[in-house]
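These notes are about the structure you will find just below.
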Number of protein chains: 2
Amino acid sequence: MKIVETKAAPNPRRVRIFLAEKGIELAFEQVDLMRGGLKTPEFSALNPFQRVPVLVLDDGTAIAETVAICRYFEELQPEPALFGQGALACARVEMWNRRMDLGLLASVAQAFRHLHPAMAELEVPQVAAWGEANKPRALEILRIMDQELAKQRYLAGDQYSIADITALVAIDFMKPARIERPPQLEHLARWYAEVAMRPSAKA
Amino acid sequence: MKIVETKAAPNPRRVRIFLAEKGIELAFEQVDLMRGGLKTPEFSALNPFQRVPVLVLDDGTAIAETVAICRYFEELQPEPALFGQGALACARVEMWNRRMDLGLLASVAQAFRHLHPAMAELEVPQVAAWGEANKPRALEILRIMDQELAKQRYLAGDQYSIADITALVAIDFMKPARIERPPQLEHLARWYAEVAMRPSAKA
């Protein structure tokens, strides 16, 4: 079993943090997405959607999509639970993970992909107006997170979850996307300091 | 317990189909998203991200995000399983549901939101170039789906799942988004005819 990834990209980091929290060690194989590594016939056979990471099982079965890989390991090794336990907790984790994924991380990624010169060959066409439109969206989501984190320790409640992993990775990805975290969001800052200090954050 | 939704929007339809497949009946309350219904203080208190649908439990707890609502009911009533059973099946459903959601439905929705005149007041700014960039992405995903559906009955394998629901809703949403399904994709057409004929598709 191995994971094919690009170490610097945000989605592979989500999987590495998830696995570190579970205490699961795996082999990693690097592919260079900045140099066309996702467009080769070999990689496209693993994942026709041409994205990293991909989990490759010993029989060759390929599982793509960050959250699908994480859920595979949650099923194999339920503890510590990172997707919640019980109907309501599961629903809350799913809700916040999607808000962080389709909302925050997607907005930050669109700003990066459509504005950063390094992405000109990979994001065709780069639409600068769309990149700019995503910056205020990311900031609005940070504001909502701050309100939520005034009431509870982690995004989905009292328990650390995959939603916190997605949010941490998205916020760290704001640096290359050139979006600044507003320092007045103090509850967000308290949460960030805590999750960024976990040993898994270095994964 | 009730669901607050806008009947004509694609994400509420995903939840209605999911509930119909489970045989679960619920009360629905309509909010008119085209007339600012998501931006009122009352609705924003339910979901600060201002999106439908929202599930409201009897104690007032609000669960937003389509897939979070579906997962809540999957946990409460596991049969028929629509998120897969067992680690590998769960991972495959998650992978395909995300490809259909973040890939196909998102591309179709971006084309609709950034090009349709009716969305000018809700999608600010409308970026036409970004809307156009999403049309070939949607078509490329349909092509990949056709290849997959040449090999298996449903998107995630032998069993109908939430991935098929998301894909059906996305394809039907191509009509207002003015994207045509290429008729030569015959395996996709075979699958579409089958899932669109299920009684749940009318929900």
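Residue numbers start from 1 in every chain, and the chains themselves are labelled A, B, ... in the order their sequence lines are given, proteins ahead of strands. All values reported here derive from a predicted model rather than from experimental measurement.
- Neither the backbone nor the side chain of A:Thr66 comes within less than 4.5 Å of any heavy atom in chain B.
- Proximity to chain B is absent for every atom of A:Gln85, based on heavy atoms less than 4.5 angstrom apart.
- For chain B, no part of A:Arg143 is nearby; none of its heavy atoms comes within less than 4.5 Å.
- Put simply, the side chain of A:Trp130 does not reach to within 4.5 Å of the side chain of A:Pro125, judged on heavy atoms.
- Considering only heavy-atom pairs separated by less than 4.5 Å from chain B, the leading option among A:Arg51, A:Gln110, A:Glu74 is A:Gln110.
- Note on B:Arg16 versus B:Glu5: salt bridge recorded, some NZ/NE/NH1/NH2 to OD/OE distance being below 4.0 Å.
- Although no hydrogens or angles enter the test, the distance criterion places a donor-acceptor pair under 3.5 Å between the side chain of B:Gln126 and the main chain of B:Arg113.
- Heavy-atom minimum distance, B:Thr6 versus B:Val31: OG1-O, 2.5 Å.
- For B:Asp164 and B:Tyr192, the side-chain atoms include no donor-acceptor pair closer than 3.5 Å.
- Contact count against chain B (heavy-atom pairs under 4.5 Å) is highest for A:Met95 among A:Glu132, A:His114, A:Met95, A:Glu140.
- Interface remark: A:Val124 contributes backbone atoms only to the contact with chain B (heavy atom separation under 4.5 Å).
- Residue contact with chain B, scored on non-hydrogen atoms closer than 4.5 Å, is absent for A:Ile69.
- With a 4.5 Å cut-off on non-hydrogen atoms, A:Ala128 does not touch chain B at all.
- Here B:Arg98 is the residue among B:Arg98, B:Arg92, B:Glu75, B:Glu65 with the most heavy-atom pairs under 4.5 Å with chain A.
- Between A:Phe73 and A:Phe18, the distance from one ring center to the other does not fall under 6.0 angstrom.
- The pair A:Lys175-A:Glu180 does not count as a salt bridge, with every side-chain nitrogen at least 4.0 angstrom from each carboxylate oxygen.
- When the candidates A:Ile63, A:Val67, A:Leu76 are compared by the number of heavy-atom contacts under 4.5 Å with chain B, A:Val67 comes out ahead.
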